[in-house]
Participant: 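One structure follows; several queries about it will come next.
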Amino acid sequence: MKPYKSLLFVPGHRGDWVDKAVRAGTDAVILDLEDAVPEQLKAEARQTVAESVARLRAEHADVGVIVRPNGLGTPHVGKDLAAVVRPGVDALLLPMIYTAEDVIRFDALVGYFESEHGVEPGSVGLVPTLETAQSVANCEQLASATPRVASLLVAAAKGADIAREIGFEWTLEGLETLYLRSRALVACRAAGITHPICGIWQDVHDLDGLATFTAQNRRLGFRGQVLLHPSHVATINATYGLTDEELDRYRRMVAAFEAAEAQGRAAVDFEGEHIDIAHVQTARQMLGLAGS
């Protein structure tokens, strides 16, 4: 799965909203078959999502396509995967995960449907959502459960499942979720996952709050964010993206170090800062994430 900055939810049964999501500039669309779809529309939504996947791949090949199926233990999960594990799906966002065994069960099901539908084996990634107390407690095992795990989504929303599960009272300052967000970040990095994802900002109209929340998550080490409304895309892309000035500085840093290295030095004074290979590796990683 590519390193998406913005991942915008679209209710699976609202195929007409997919175009709005793309026009908003989101890096990836999450076609939701779970909470956003009323029970009586689940079957219809599966068909609509399958059609949306095909259309996105044909018309917007640069936009990521992620599907959130219903959870294990529901009567819908098998039918969901049969309908949507098709060419063009980059990953599945896994809801209500508790243990690594849950991820392994999804892995087996996805592998079966890849084989059935001519999808390249192992190409559909898995993104477990940390929205239960057990999933947070087991996040290290979830991050390394199978090679398909492409990221973890750390839920930190006001009044959502994770707040009820853990019992915290949400604040914009985020101290009550700092531990769970930080632990999940370390779990991702330890498992070799370089693109941990955070969610979610629920106040549609409070863009200042969104900017504060997003900047806080980027400073912690998150590299992307799930969002609910197209009006949030620009803020999230700007916050997680690099400015032209940042890109240029990283390029200058790499160039200065390489020039020093060519002269037999392992460190250099770069614009008043002492830098060595560790700083340059960070710069190269950031340039790589930006595709530069």
Side-chain angles (χ1 to χ4, degrees), residues 6-13 30-42 45 66-77 80 91-106 126-143 145 149 151-188 196-207 209-210 212-217 220-222 224-229 232 236:
S6 51
L7 303 92
L8 178 58
F9 271 114
V10 175
H13 61 300
I30 302 173
L31 302 168
D32 191 12
L33 289 170
E34 198 213 14
D35 285 352
V37 179
E39 192 72 18
Q40 69 274 19
L41 296 179
K42 296 287 190 183
I66 299 169
V67 177
R68 178 164 73 168
N70 288 275
L72 294 170
T74 71
H76 306 294
V77 61
D80 289 348
L92 300 181
L93 181 65
L94 307 183
M96 302 309 291
I97 294 297
Y98 297 92
T99 69
E101 180 63 28
D102 295 335
V103 181
I104 293 168
R105 290 169 67 190
F106 265 113
L126 300 178
V127 182
T129 304
L130 305 187
E131 56 185 336
T132 67
Q134 278 185 272
S135 64
V136 174
N138 295 321
C139 64
E140 293 84 5
Q141 290 79 21
L142 299 182
V149 177
S151 186
L152 296 179
L153 168 59
V154 184
K158 181 179 181 179
D161 290 315
I162 190 66
R164 183 183 67 256
E165 281 265 331
I166 295 179
F168 63 74
E169 295 181 10
W170 187 92
T171 67
L172 180 57
E173 291 76 19
L175 290 178
E176 68 286 346
T177 61
L178 181 59
Y179 168 74
L180 68 92
R181 287 182 288 155
S182 299
R183 179 171 174 178
L185 278 167
V186 174
C188 283
I197 302 166
C198 193
I200 196 169
W201 184 255
Q202 293 179 246
D203 191 330
V204 172
H205 303 294
D206 184 5
L207 297 183
L210 170 68
T212 299
F213 179 70
T214 307
Q216 181 188 95
N217 289 324
L220 275 177
F222 287 98
Q225 195 159 304
V226 168
L227 57 154
L228 293 173
H229 197 271
H232 295 175
I236 288 175

Participant: To the nearest 0.5 Å, tell me how far C188 SG sits from L130 CG.
Facilitator: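 That separation rounds to 7.5 Å.
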
Participant: Side chain of E176, backbone of T171: donor and acceptor closer than 3.5 Å?
Facilitator: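 Flag set: sc E176 to bb T171 pair under 3.5 Å.
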
Participant: Between F9 and L93, does the side-chain contact (heavy atoms from CB on, under 4.5 Å) criterion hold? Intermediate values first, please.
Facilitator: CA-CA 11 Å; F9 271 114; L93 181 65; 3.7 Å; yes

Participant: With rounding to the nearest 0.5 Å, note down the distance linking CG in L8 to CG in L227.
Facilitator: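 Those atoms lie 4.5 Å apart.
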
Participant: For residues V37 and K42, report the shortest heavy-atom separation together with the two atoms involved.
Facilitator: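 Looking at all heavy atoms of both residues, the closest pair is O-NZ, 3.3 Å.
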
Participant: Roughly how far, to the nearest 0.5 Å, is CG of D203 from CZ of F213?
Facilitator: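 These two atoms lie 12.0 Å from each other.
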
Participant: Show, in sequence, the C-alpha distance, side-chain angles and deciding distance for I200 and L228, and conclude whether the side-chain contact (heavy atoms from CB on, under 4.5 Å) test is met.
Facilitator: CA-CA 8 Å; I200 196 169; L228 293 173; 3.4 Å; yes

Participant: Over all heavy atoms of both residues, which pair between L153 and G199 is shortest? Give the atoms and the distance, please.
Facilitator: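 So the two residues come closest at CD1-N, 3.8 Å.
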
Participant: Quick check: do V136 and I162 have side-chain heavy atoms less than 4.5 Å from each other?
Facilitator: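 Yes. Closest side-chain heavy atoms under 4.5 Å.
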
Participant: Identify the two heavy atoms, one from E131 and one from D161, that lie closest to each other, and give their separation to 0.1 Å.
Facilitator: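 So the minimum-distance heavy-atom pair works out to OE1-OD2, 3.4 Å.
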
Participant: Any chance you could lay out the side chain to side chain donor-acceptor pair (under 3.5 Å) test for H76 and E39, step after step, and finish with the verdict?
Facilitator: CA-CA 10 Å; H76 306 294; E39 192 72 18; 2.6 Å; yes

Participant: Do H232 and S6 have side chains that approach each other closer than 4.5 Å (heavy atoms only, starting at C-beta)?
Facilitator: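 With C-beta onward as the side chain, the pair stays apart.
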
Participant: Check A145 against I104 and note the closest heavy-atom contact, atom names and distance.
Facilitator: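 That closest heavy-atom pairing would be O-CG1, 4.1 Å.
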
Participant: Using modelled atom types only, decide if a donor and an acceptor are shared between the side chain of R181 and the backbone of G174 within a distance under 3.5 Å.
Facilitator: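 A pair under 3.5 Å: yes.
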
Participant: Quick one, V154 and P196 - any side-chain contact, counting heavy atoms below 4.5 Å?
Facilitator: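 They are not in contact (no side-chain heavy atoms under 4.5 Å apart), so the answer is no.
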
Participant: Please check this pair: side chain of R68 against backbone of G12, looking for a donor-acceptor N/O pair closer than 3.5 Å.
Facilitator: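 No; zero donor-acceptor contacts below 3.5 Å.
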
Participant: Would you compute the distance between atom CG of L210 and atom CG of L172 and round it to the nearest 0.5 angstrom?
Facilitator: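 Reported to 0.5 Å precision, the distance equals 10.0 Å.
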
Participant: Ignoring hydrogens, what is the shortest heavy-atom contact between F168 and L180? Give both atom names and the distance.
Facilitator: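 Nearest heavy atoms, F168 then L180: CE2-CD2, 4.2 Å.
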
Participant: Check residues 95-103 and write down every donor-acceptor pair under 3.5 Å in which the side-chain atom is one partner and the other belongs to a residue at least two apart or another chain.
Facilitator:
| unit_1 | atom_1 | unit_2 | atom_2 | d |
| --- | --- | --- | --- | --- |
| T99 | OG1 | E101 | N | 3.3 |
| D102 | OD2 | Y98 | N | 2.8 |
| D102 | OD2 | T99 | N | 3.2 |

Participant: Any non-hydrogen side-chain atom of I66 less than 4.5 Å from a side-chain atom of V127?
Facilitator: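 When only atoms from C-beta onward are counted, V127 and I66 do not touch, as no gap falls below 4.5 Å.
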
Participant: Can you see which heavy atom on L185 is nearest to which on L220, and at what distance?
Facilitator: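 So the minimum-distance heavy-atom pair works out to CD1-O, 3.4 Å.
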
Participant: Do D80 and T74 touch side chain to side chain, with heavy atoms closer than 4.5 Å?
Facilitator: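 No; the side chains remain at least 4.5 Å from each other.
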
Participant: I want to check something: taking the side chain as every heavy atom from C-beta on, are P128 and L152 in contact at a cut-off of under 4.5 Å?
Facilitator: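 Result yes, sub-4.5 Å side-chain heavy-atom pair found.
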
Participant: Give the intermediate values and the outcome of side-chain contact (heavy atoms from CB on, under 4.5 Å) for residues E140 and R183.
Facilitator: CA-CA 9 Å; E140 293 84 5; R183 179 171 174 178; 2.8 Å; yes

Participant: If you count heavy atoms of other groups shown closer than 6.0 angstrom to CD of E169, is the number above 12?
Facilitator: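 Open: at most 12 neighbouring heavy atoms sit under 6.0 Å from CD of E169.
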
Participant: Side chain of N70, backbone of L33: donor and acceptor closer than 3.5 Å?
Facilitator: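 It does hold such a pair.
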
Participant: Side chains of W201 and I236: closer than 4.5 Å at any heavy-atom pair?
Facilitator: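 No; the side chains remain at least 4.5 Å from each other.
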
